[in-house]
Amino acid sequence: MSKEEIRVRFAPSPTGFLHIGSARIALFNFLFSRKKKGSFILRIEDTDKERSKTKYEEDIMRSLKWLSLSWDEGVIDEEGREKGNFGPYRQSKRGEIYKKYINHLLEKNLAYHCFCSKEDLEKQKEEQRKRKEPPQYKGRCFRLSERKKEKMIKEGKDFVIRLRLPENEVVEFEDAIRGKVSFNTKDIGGDFVIAKKDFSPLYNFACAIDDMQMRITHIIRGEDHISNTPKQILIKNALGAPACTYAHLPLTLGEDKSKLSKRHGAASLCEYKEKGYLPEALLNFITLLGWHPGGEKEIFSLEEIVNKFSLKDCQKSGAVFDIKKLDFINGQYIRKKDTDEIVRMCIPHLVKEGFLRPSFDEERYPPAYGGQIPKIGYYALKREKEMSYGEIYKIVSLYKERMKNLSQIGELADYFFKEDISYEEELLFWKEGKKKETIKNLEKVLEIFSNIKKWEKEEIEKEILEEANKEKDRGKMLWPLRVALSGKRASAGPFDIAATLGSETVKKRLKRAINVLKEG
Ligand code: GLU
């Protein structure tokens with residue numbers, strides 16, 4: 001590690017799935033490290049034994065990898081493997097390191113044992129309130145004699161370890177987003193607790209030690225941690241650690257400007273993945289939460305973002321999460337992506353919704369065959385027929401331009417995967433169209449279809465338009481045709497649908513629509 005190397009870290013507590021807000025913190029650290037050609041470290045802050053869970057840790061790593069936010073050092077997999085020279089990178093494995101620093105501070109008289117009970121502390125605060133002083137621990141136990149302290153420890157009295165603070169000192173730091181920030185030690189509660197009786201560290205101590213020992217140069221995190229910063233600086237100052245730069249990012253807010261939560265639809269990253277948002281679109285969207293390089297442009301590749309990224313372009317006010325913008329960006333990325341890839345990504349959604357089932361060549365490969373049976377296509381469960389990849393490809397391509405996320409494919413294109421579709425009779429009428437006229441038009445279409453030789457979109461379109469254009473309003477023919485085939489108010493165009501569905505299904509659906517009207 002060279003002296004100037006920039007080192008940043010993402011330090012999640014594995015107490016929940018990775019959500020948009022924390023992914024944004026990870027992303028900004030990642031961008032900064034890539035821009036500065038530094039190192040990006042993943043540290044797991046699992047000091048809260050009750051709430052920390054392996055499944056959350058796994059989800060965090062999986063989601064970061066899905067977003068392509070690869071880290072250079074830290075915990076690398078759920079088996080506990082790690083990479084880097086400053087480990088362990090899980091706080092739960094760093095007990096000995098914390099103990100060493102606590103002992104060092106005790107030896108130097110920069111920390112001390114405090115035996116005050118809850119009642120003692122309450123009494124001290126009460127007196128301070130009466131004197132109109134801010135409540136703070138002013139070091140009563142710091143003044144205990146060595147003999148008395150030893151005696152109390154021997155007697156097994158309960159204690160905590162507190163850091164000795166300089167009185168009325170101003171702690172100042174430079175925040176890359178907000179400029180100079182300062183705190184007076186009297187406002188942070190006086191000599192604060194850094195460890196419990198068993199020398200297990202409190203959160204701020206563990207965090208400060210880790211940042212110092214892992215040689216973190218820039219701490220980029222949410223502004224909800226700003227009140228921790230003076231305490232962490234005081235701990236590091238007591239140990240003579242070099243100063244580092246801070247950047248406290250404003251919180252991510254919901255559209256109602258309150259802190260983003262599940263209520264705003266701000267689900268975990270894996271939920272966005274399941275809904276069919278593309279990782280590159282989410283990355284682009286999250287980047288724009290509180291950062292913009294200026295100008296109108298909204299779509300940026302990761303490489304462009306890395307090149308343009310700077311902490312000074314981060315806004316100071318909260319970043320508002322706008323799902324419509326995410327949908328817009330995701331739609332742009334879906335459009336840009338290779339259709340084949342989109343089809344492959346849509347198929348699992350269709351399988352999940354019960355429209356398709358992969359089919360295997362079981363005839364050629366009987367059950368006794370030991371290897372993996374090759375997939376030969378898909379079985380459309382609601383049409384009770386095989387569907388080739390090519391057919392699915394055609395259907396998905398019709399919607400590539402319209403999807404906001406890939407999980408919409410089932411809802412948008414269900415009529416291709418169902419044998420029978422249903423609709424209200426009135427939906428077949430164009431504007432104030434009449435039943436008789438609609439039946440007549442559908443019968444005409446059916447007749448044209450019965451005579452078409454080459455079942456191809458161009459041919460279908462030519463024949464139908466020739467007839468439809470005879471009407472003043474060609475919608476009179478095209479609307480009932482489209483509804484008869486799709487059952488929907490909005491769908492792909494009638495010629496695309498007809499060509500994709502095939503002549504038999506098309507004729508069957510038209511006859512059914514005519515019957516519905518005649519019988520209704
Ligand atoms: N573990 C903290 C959290 O998940 C982050 C602490 C930090 O970045 O300093 O909110």
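Both ligands and their constituent atoms are indexed starting at 1 by order of listing. Everything numeric here is computed off the predicted structure, so don't read it as measured data. Just the heavy atoms: all of them, side chains too, but no hydrogens, waters or symmetry mates, feed the values below.
- Put simply, the residue from Arg94, Gln232, Arg9 that forms a side-chain hydrogen bond (donor to acceptor under 3.5 Å, both in side chains) with Asp210 is Arg94.
- In Tyr246, neither the side chain nor the backbone holds a heavy atom less than 4.0 Å from any atom of ligand 1.
- Counted within 6.0 Å of NZ on Lys400, heavy atoms from surrounding residues, nucleotides or ligands total more than 12; the atom is thus considered enclosed.
- Nearest protein neighbour of atom 5 (C) of ligand 1, counting heavy atoms only, is Ala11 O, 3.2 Å.
- Atoms of ligand 1 found under 4.0 Å from any heavy atom of Cys207, numbered from 1 in the order shown, are 9 (O).
- Here Phe192 and Phe205 keep their ring centres 6.0 angstrom or further from each other.
- Both tests hold for Lys275 against Tyr272: distance to the six-membered ring centre under 6.0 Å, angle to the ring axis within 45°.
- If you look at Phe328 and Phe285, their ring centroids are not closer than 6.0 Å.
- Here is the list of ligand 1 atoms found below 4.0 Å of a heavy atom in His225: 2 (C), 3 (C), 5 (C), 6 (C), 10 (O).
- Closest protein heavy atom to atom 6 (C) of ligand 1: Tyr203 OH, 2.7 Å.
- Each of the atoms 1 (N), 2 (C), 3 (C), 4 (O) of ligand 1 lies under 4.0 Å from some heavy atom of Ser13.
- Ligand-side atoms of ligand 1 in range of Arg9: 7 (C), 8 (O), 9 (O), range being under 4.0 angstrom from any heavy atom.
- Of the N and O atoms on the side chains of Tyr112 and Asp191, at least one donor lies less than 3.5 Å from an acceptor on the other residue.
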